[in-house]
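First the structure, in the form of C-alpha cells, and then the observations on it.
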2 protein chains.
Amino acid sequence: MVKVESQSFAGSIGRGANRDDLRQSNLSNLLKLVYQNRTISRSDLTSMTGLNRSTISDLVGELVGLKLVSESETAQAGRVGRPSSNVSIAENIFAITVVPRYHSTIVSAVSMSGELKARARIATPIHPSPEEVCDATEVALSQIRKQLKKTDRIIGVSVAISGQVDVRNNSVRICSFLKWTEVPFGALLSERLGLPVQIDNDGSIACLAESTFGAGRGFSDIIYLFGGTGGIGGGVVIEDKLIRGYRGYAGELGHIRLTDSKAVDSLGLSGTLEALVNREQLAEALGLDDPEDDELASAILEASSPRARRIIDKKIDVLAIGLANLVNIFNPQVILLAGFLQPLFQANDYSLLSKMRHSAVAGSREHVQVRTAALGSRILEIGGAQLVFQDLLNNPAASK
Amino acid sequence: MVKVESQSFAGSIGRGANRDDLRQSNLSNLLKLVYQNRTISRSDLTSMTGLNRSTISDLVGELVGLKLVSESETAQAGRVGRPSSNVSIAENIFAITVVPRYHSTIVSAVSMSGELKARARIATPIHPSPEEVCDATEVALSQIRKQLKKTDRIIGVSVAISGQVDVRNNSVRICSFLKWTEVPFGALLSERLGLPVQIDNDGSIACLAESTFGAGRGFSDIIYLFGGTGGIGGGVVIEDKLIRGYRGYAGELGHIRLTDSKAVDSLGLSGTLEALVNREQLAEALGLDDPEDDELASAILEASSPRARRIIDKKIDVLAIGLANLVNIFNPQVILLAGFLQPLFQANDYSLLSKMRHSAVAGSREHVQVRTAALGSRILEIGGAQLVFQDLLNNPAASK
DNA sequence: GACATTTGTTGTCTGTGCCAACATAAAGCC
DNA sequence: GGCTTTATGTTGGCACAGACAACAAATGTC
C-alpha cells in the first residue's frame, strides 16, 4: 500500500515514541491490511504482522469498537483446525471525490470497501470559477446524501486537479484548464461543505490508485505516466511512497525537456515530452476530430497510412527517451502507461522497449518492466477516495 | 539526518511492532541525535524527542552501557537552573573507507565523532583488478591498525565506486574507470578483511555526506550533483532519505538526455548532461592540460577569451536545462553543486538560475535554491563512514 | 469417537515510558 | 550570604501494551 503522509511512527529523526504511539502504529497497520484486502482472516493478520494472537484479538476488538471493521463468520473451511474468523472493512464509511471536467463537475461517493455507491454530474461552465465548482459540488453532494443510508458516514472530500497543487497549503497553484491561479480551493470548499477537503494533482491521485489497487500492486518502485487531453501527467512511487517534493509539485514528468525541438507544451516549455507526444497531434495524424479515448486507441493500433505510422513511430521514439531518462533517475521496478500512452506502447512495444533500453544505463534497464495501467475510467475516484481514507488509516483511534 | 535503510519501525505495511521495537526505535533516535550533533545536552535530547526526562535518563544510561556514548561534565553555564549534562558520541568506534583512485587506493579510518584518524595510500595499477584492490586495502588496513589504540574498534568498511553498484547484492555492476563488470566486491573484500563491507556509488556517498553534514543540512528534499573527471554523478534525497531505486542504481543524473546532440558521454549515451557538460572539454577550452580541481575552478572564474566564455556559457545553458528537468521531477528545496559544476555556477549564477527557472514549472521553480557544496576533498570519507555507521545507528542494541 | 491441528479467549507477567516527588545545581535578588 | 526561582537529574510507583501459557472451541483425519 502506498502511503501519502509519512506518519510512520518515529519516522523522522527527533520525535521519540511512547507506548501510545506503539498502539496507534499497530492499529494503523492492522487497519491498512484490512483496507487493502477488503476482507481478511484474523489468522492471516497474525502471521502478516507477526504479532501475538491475543494482541490481534485485542486490536481487532478496538477497531470493531471504532466501527471501522466488522467480524463476519468463518466462511472459509476445508483446512484442518478451527476456522479463523474474517475481518472486513466497514462499508458505511464514505469519501467524496470531486473531479472538475469540461462542461461538468463529477462528484462521487466511494466507500472504504471500494464501492462507488453514488455519483452526480453537475453542469458547469467550461472555465468555471472556484465558486461555481463549490456550488456544483454542494448541489451534487446533497443529491448524493439522499442516496446514502442514515448510518453511512462521510469523512472527507478530495478534489483532483489537472494542474499544480500546493499540497501543503491545500491550494491550487496553477491550473490552465480551469484558468485558476493561486486559489486556496481546499479551504474554500471545506468551509462550504463543513468537511475536510484535500486537493491534489490528478496524476498523483491516479498513481496512488494504480500503485495500490491497480497494475502497480506489489511493486515498491513505480513510475506512472498518463497521457490525456490536458497533456502528460504522472507520479512516482519510491519504496511504497508517493513522492511529493517540498511543496507537492513533484512528478511533473510531462515537462521534462528531451530535445532541441521548438514545439511547446501546455505550459509553454519547449522540447518536452508533452510538447512532442500529445493527444491532439495523434488525433490529427489519424484524421480524427476530438475522438473518445477508445476511438483514439483503436485508431492508433490499426493505423495503416504511412504518414500516420511515421508519426506514431516518432512519438514512440520520443517516449522511449523520456522513459529512459526516468529509468536512469529512479531505477524503477515497473513503468505503468495510461491514457493514450497505453495504445502507443501496444502499437509497437518492441520498438519502445528496445529504444528505451538503448538510452538507459546498464544496471537500471535490466530489470525494468513496462506495463499498461489496469484501472479504467474510475481511477480518479479510486485514488481520490484513498487520499481521503489515508488520514483515517494512519490514525484509526482519532476517528471517534 | 539522512537515513540509508528504512528501518523506521513499522514503516512498511504488515510488520507489527512490539515493545522491543519501541525501545530500539527510541534508542536509535537518541543515538542519531547524538551522532549528528557530536555532543548534545540531555535537556536538548529531552525537548527534541519529546520523551520524558526519566526516559532519556534510562536510554542514555543504556547507550553509555553499550559504550556508544559518554557523559561529560556540564560544560555550558550561564543559564538559570541546574546545568544539563552533555552526551557525546564515542570516539573509539571507527569506520574504514576505501576509495580506489588512479594509481592508488586510499584507505582511511574515520571515527564516529567525525575525525579522520588515520590514512594510508597504497599504489595500485591504473586499472587494478578486484584482487589488487583487496591486497592494497589489506596492506593499508594493517598500517592503519598500528596507528589506532588498543581500545579502538573498527566496525565496518565502505567502498566508494565511481560506477553502478547493486546495493542489494553488494556488488559492482559496472565501473568503467576500474574496468570491472559484475564483481561481487563486497563479499570479496569482506572475506579478506573479516569485516562487514558495504559498497556504494560515489555520488550517493557524497550526497549522503553533503545532506547530513554539509550544505544540505536542515533540508529534507535535496538534489546533489557532482562534476568530476569521471563525469557527472549525484544523488537525490527525498524526505530525508536517499533514494536508491529497485536495485540501487537510482540517481544517474548525468545520463539524462537533454538535447539531440550527437556528443556521447562515458557510457556512450548521446545528448546527455554529461556528454555536453564535462571536465575535459572545459579544460581544453581554457587551455589547460590535466588541471587540478582548484586550477580549473579559477580558470573558469577568470576566463576572458571570447571562445572560452562562449563555451562556458553554453555549458551553463545546458546545465540550466538539466537542473530544470530535475526541478520538475522532484520539486526540491535545494540543489547542491560540487566539483567543476561549482565554479560553473559561480561564473554566472544569474544566467544559470534564470535559465533554469525559465525551463521549470511554475510551482517548483519558486522556492528552489541552488547552492555550492560545503564539504571538501574528504567528502567520500565522511559519507562512506556514515554508510558504515548507519547500521549501528539504526540498531544500537545489536552492537554488543 | 478419539486424536491432531489450528484458532480464539482468558489471566498473568514483563518491560517500557510516564508521572510525581524529591534532590541538586545554578542564577537572581535582597 | 541566605533566600527564592528555575531548570535538571533521580527515584519509586504506576499504567498499559504486547507476550506467553493454559484452556476452550471448531474443524479434519483416522
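What you see below is based on every heavy atom in this structure, not just the backbone, and it leaves out hydrogens, waters and symmetry mates. Note on naming: letters A, B, ... go to the chains in the order of the sequence lines (proteins, then strands), and numbering restarts at 1 for each one.
Residue pairs meeting the salt bridge (Lys or Arg N to Asp or Glu O under 4.0 Å) criterion with at least one member in residues 56-67 of chain A, sequence neighbours excluded, are A/Arg23-A/Asp58, A/Arg23-A/Glu62.
Atom CD1 of B/Ile93 is separated from atom CE of B/Met112 by 5.5 Å, given to the nearest 0.5 angstrom. B/Leu45 CG to B/Leu30 CG: the interatomic distance, rounded to the nearest 0.5 Å, is 5.0 Å.
To the nearest angstrom, P of C/dG15 lies 14 Å from CD of B/Gln24. B/Leu51 places its CG atom 11 Å from the P atom of C/dC19, with the value rounded to the nearest Å.
Remark: A/Asn52 engages A/Ser54, A/Thr55 in a side-chain contact (heavy atoms from CB on, under 4.5 Å) (not counting sequence neighbours). When the side-chain contact (heavy atoms from CB on, under 4.5 Å) test is applied to A/Gln369, the partners found at least two apart in sequence or on another chain are A/Phe219, A/Val334, A/Arg371. With sequence neighbours excluded, no residue satisfies ring-ring contact (aromatic ring centres under 6.0 Å, His included) with A/Phe94.
Place A/Val80 and A/Leu59 on DNA chain D by their nearest nucleotides, and A/Leu59 ends up nearer the 5' end.
Among A/Val69, A/Ile89, A/Ile40, the one residue that satisfies the side-chain contact (heavy atoms from CB on, under 4.5 Å) test with A/Tyr35 is A/Ile89.
Between B/Arg42 and B/Glu71, at least one side-chain nitrogen of the basic residue sits less than 4.0 Å from a carboxylate oxygen of the acidic one, meeting the salt-bridge criterion.
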Handout entry: Dot-bracket encoding per residue of DNA chain D, Watson-Crick/G-U cut-off under 3.5 Å, | denoting interstrand
Key = ||||||||||||||||||||||||||||||

Handout entry: Sugar-phosphate or base contact per nucleotide [nucleotides 8-17 of chain D; S, B, -; heavy atom under 4.0 Å]
Key = BBBB---BBB

